[in-house]
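As structure tokens, the structure follows; a few thoughts come after it.
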2 protein chains.
Amino acid sequence: MKKVTLQDVADHAAVSKSTVSQYLNGRYTYMGEQTKRRIEESIRTLQYQPNAIARSLKQKKTTTIGVIMANILHRVSTQTSRAIEDFCHAKGYHVILCNADDDSEKEKQYIEMLKAKQVDGFIIYPTASNEEMYKSLLDEKYPVVFLDRKVKALSIPTLTLRNEEAMDWAIEHLKNQGNESIAYISSPLTISPRTERYDGFLSSMKRHGLTIQQDLIYTDKLSDSTSFLKKIFSPGHFPDAILSSNDRSLVPVLDYLKKTFKGVPEHLSILTFDEVEYAEFFQPSITTVEQPAFEMGTKAAELLIDQIDHDGLQHLDDYYFGFQGKLNIRESSLKRGRD
Amino acid sequence: MKKVTLQDVADHAAVSKSTVSQYLNGRYTYMGEQTKRRIEESIRTLQYQPNAIARSLKQKKTTTIGVIMANILHRVSTQTSRAIEDFCHAKGYHVILCNADDDSEKEKQYIEMLKAKQVDGFIIYPTASNEEMYKSLLDEKYPVVFLDRKVKALSIPTLTLRNEEAMDWAIEHLKNQGNESIAYISSPLTISPRTERYDGFLSSMKRHGLTIQQDLIYTDKLSDSTSFLKKIFSPGHFPDAILSSNDRSLVPVLDYLKKTFKGVPEHLSILTFDEVEYAEFFQPSITTVEQPAFEMGTKAAELLIDQIDHDGLQHLDDYYFGFQGKLNIRESSLKRGRD
DNA sequence: CTGTTAGCGCCTTCAT
DNA sequence: ATGAAGGCGCTAACAG
């Protein structure tokens with residue numbers, strides 16, 4: 001079962017290696033019909049398969065890209081990576097998927113391993129603190145695309161949701177449904193989507209003439225959020241609505257409500273960023289801000305492969321690509337029997 | 001920014017390539033202290049990074065494995081792949097993730113591309129109809145592990161949920177809760193988990209003395225299931241419980257119930273295979289049979305890397321590894337106000 | 001202890 | 001229209 005090589009094919013077809021190579025690379029132009037046939041047949045009978053490693057070494061191209069994601073367990077990441085994979089497959093590229101777990105050390109390690117593997121480019125969900133690494137990628141002219149998070153002051157194409165805009169729609173919708181006091185829950189404000197959403201929340205509240213109540217806002221580790229929830233969901237505080245900044249932060253909320261009220265109270269609106277699976281089957285169904293994950297993944301892959309095929313970063317007028325969120329209005333945010 | 005190579009380092013340190021290579025590969029044993037130092041420094045100042053492609057060509061090993069999954073959008077697949085990735089990363093292996101979409105043509109294509117890329121082994125969610133391909137992998141002594149689905153008569157390590165056992169627990173539980181007539185919904189019985197669950201359903205019903213009602217069973221395309229649901233949820237038929245064979249088949253059920261009854265009727269039990277996210281927050285929370293996805297992924301990776309490190313398939317007494325499901329009993333299957 | 005040499009499998013001028 | 005030769009970057013005997 002030893003591997004059959006170009007040489008074997010050449011021998012079998014009684015031609016030279018280079019001729020077979022020509023054939024493989026479609027340089028038929030001046031090739032004799034019978035030679036072509038003989039090679040074809042030899043390849044078939046020997047079950048020859050080119051060795052992509054050897055080819056890569058010579059051509060300095062692996063047709064493989066590296067994707068370093070925050071956490072593949074998040075639904076958005078999954079969808080994005082699926083879209084990336086689909087697009088790349090269509091273009092003849094392979095994808096090596098890595099999980100950085102929001103650990104910049106791990107991220108760095110991955111980038112290095114992938115460089116060693118000579119990937120042709122990177123799609124990265126950047127962690128907060130690895131700027132030097134990114135900069136060096138840029139210096140070495142590695143094609144890179146950032147997803148979901150912005151890293152300021154680097155000319156690297158970046159795709160994110162237009163968080164402030166989406167937040168504004170969310171607030172407007174909540175206001176239109178008669179919600180005045182709105183609680184906000186988020187994980188610590190470490191990465192750009194979180195800060196943008198939070199900032200957007202504050203400014204949009206102001207813009208809509210709603211008063212911001214500091215004691216209705218939580219931006220810390222979710223595992224410690226119970227006392228916050230207990231506080232705001234006690235008589236005297238009870239907000240009209242609670243806005244969750246992503247699908248993870250929705251969990252403690254639902255959990256608390258379920259345990260305490262055996263369901264969602266009639267007079268509380270819920271709205272969360274990120275589409276949650278089965279959102280429509282909840283009682284009440286949950287209003288969400290959905291990211292166009294497929295679009296974003298596809299676009300990221302497209303931008304990257306463009307860069308690769310054009311041999312390096314081409315100048316863009318704008319390195320930022322904002323994507324529109326979609327407000328999926330469901331029961332949880334509508335005026336129900338509340339009035 | 002041209003790549004710096006072993007040669008460059010050797011020149012800079014005034015030694016030969018091989019000495020540097022020795023150094024890199026930890027063959028210090030007989031190396032002079034100063035030489036070592038010089039090399040170290042040269043590597044640092046030149047920012048040398050070994051080219052894994054070149055190394056692979058020489059060593060015929062890529063420390064990369066290929067994973068071909070049915071569909072990365074499924075939660076179980078995601079978790080499994082995450083576990084695989086974690087394990088491999090710890091062992092210094094890389095993972096190329098591919099989506100076959102249950103399309104055996106695509107699967108074949110992927111296997112071929114990955115072979116060309118000289119991956120060291122495969123983890124595959126086998127589609128129904130690619131036996132020749134698997135057989136040839138085996139012939140070529142490629143390390144392979146199958147996940148989730150059985151392919152009969154091939155000596156390939158296979159990991160799946162013990163479907164019949166889990167089904168039996170589910171039925172027993174439903175019976176204990178006073179359910180007599182149980183409806184069953186599944187996608188077409190094309191792959192082993194589906195057939196095993198279905199067969200398990202039938203035999204377990206019998207074993208528990210419950211009568212199987214053919215008109216309460218659906219095993220066809222989910223998109224056409226509405227009329228079935230309409231039929232069984234009409235007066236005269238209404239089953240005590242409905243059992244969904246996976247997370248996908250739960251969707252039309254919830255959808256129908258939501259639209260028709262604005263929720264889950266008090267007198268209907270629901271139980272589904274596959275853990276669904278937020279299952280506990282449903283009203284009522286949903287009873288599920290959970291697969292130990294992380295365990296399975298980890299074990300799959302472990303078995304594969306074992307094979308790789310031991311240079312080929314080692315003989316196993318049993319190529320089948322069954323995993324125990326976990327019945328997450330929640331409100332949807334408990335006797336509630338029904339009696 | 002370190003350098004020389006010979007490939008790994010393929011691609012690519014350059015001759016013929 | 002085809003072949004010969006050199007090299008991609010690294011490793012692995014085998015000398016010295």
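Just so it is clear, the values below take in all heavy atoms, side chains as well, and ignore hydrogens, waters and symmetry mates.
Looking at A:Ser18, its side chain has no donor and acceptor atom pair within 3.5 Å of the base of D:dA5. Side-chain atoms of A:Lys58 and base atoms of C:dG9 include no donor and acceptor less than 3.5 Å apart.
Between the CG atom of B:Leu57 and the P atom of D:dT11 there is a distance of 11 Å, given to the nearest Å. Protein atom CG of A:Leu24 is 15 Å distant from nucleotide atom P of C:dG9, rounded to whole Å. Regarding B:Gln22, its CD atom lies at a distance of 13 Å from the P atom of C:dT4, rounded to whole Å. To the nearest angstrom, C1' of C:dC10 lies 16 Å from CD of A:Gln118. Atom NZ in A:Lys61 sits about 18 Å away from atom P in C:dC10, given to the nearest Å. Computed from coordinates, the B:Arg55 CZ to C:dG7 C1' distance equals 17 Å when rounded to whole Å. Distance, A:Glu33 CD to D:dA1 P: 11 Å, rounded to whole Å. Taking atom OH on A:Tyr23 and atom C1' on D:dA1, their separation rounds to 16 Å, with Å as the unit.
No side-chain heavy atom of A:Arg149 sits under 4.5 Å from any side-chain heavy atom of A:Arg194.
The residue among B:Gln59 and B:Thr19 whose nearest nucleotide of DNA chain C lies closer to the 5′ end is B:Thr19. In terms of position on DNA chain C, the residue among B:Ser16 and A:Gln49 whose nearest nucleotide sits closer to the 5' end is B:Ser16.
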Step by step, would you call A:Arg82 with A:Asp86 a salt bridge (Lys or Arg N to Asp or Glu O under 4.0 Å)? CA-CA 6 Å; A:Arg82 172 61 195 273; A:Asp86 282 352; 3.1 Å; yes
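Backbone-only engagement by B:Lys60 is indicated by non-hydrogen atom pairs under 4.0 Å involving sugar-phosphate atoms exclusively. Contacts of B:Thr5 with the nucleic acid, taken as non-hydrogen atoms under 4.0 Å apart, involve only primed sugar atoms and P, OP1 or OP2. Counting any heavy atom pair closer than 4.0 Å across all strands shown, A:Thr35 reaches sugar-phosphate atoms only and no base atom.
Close to C:dC11, at under 4.0 Å from its OP1 or OP2, lies a side-chain N or O of A:Asn25.
For the ring pair (Phe, Tyr, Trp, His ring centres under 6.0 Å) test with A:Phe146, the passing option among A:Tyr320, A:Tyr319, A:Tyr134, A:Phe321 is A:Tyr134; the others fail. For the side chain to side chain contact (heavy atoms under 4.5 Å, CB included) with A:Val119, the qualifying choice from A:Thr64, A:Ile308, A:Val67 is A:Thr64, the only one to do so.
Of all heavy-atom pairs between A:Val144 and A:Ile156, the closest is O-CG2, 3.7 Å.
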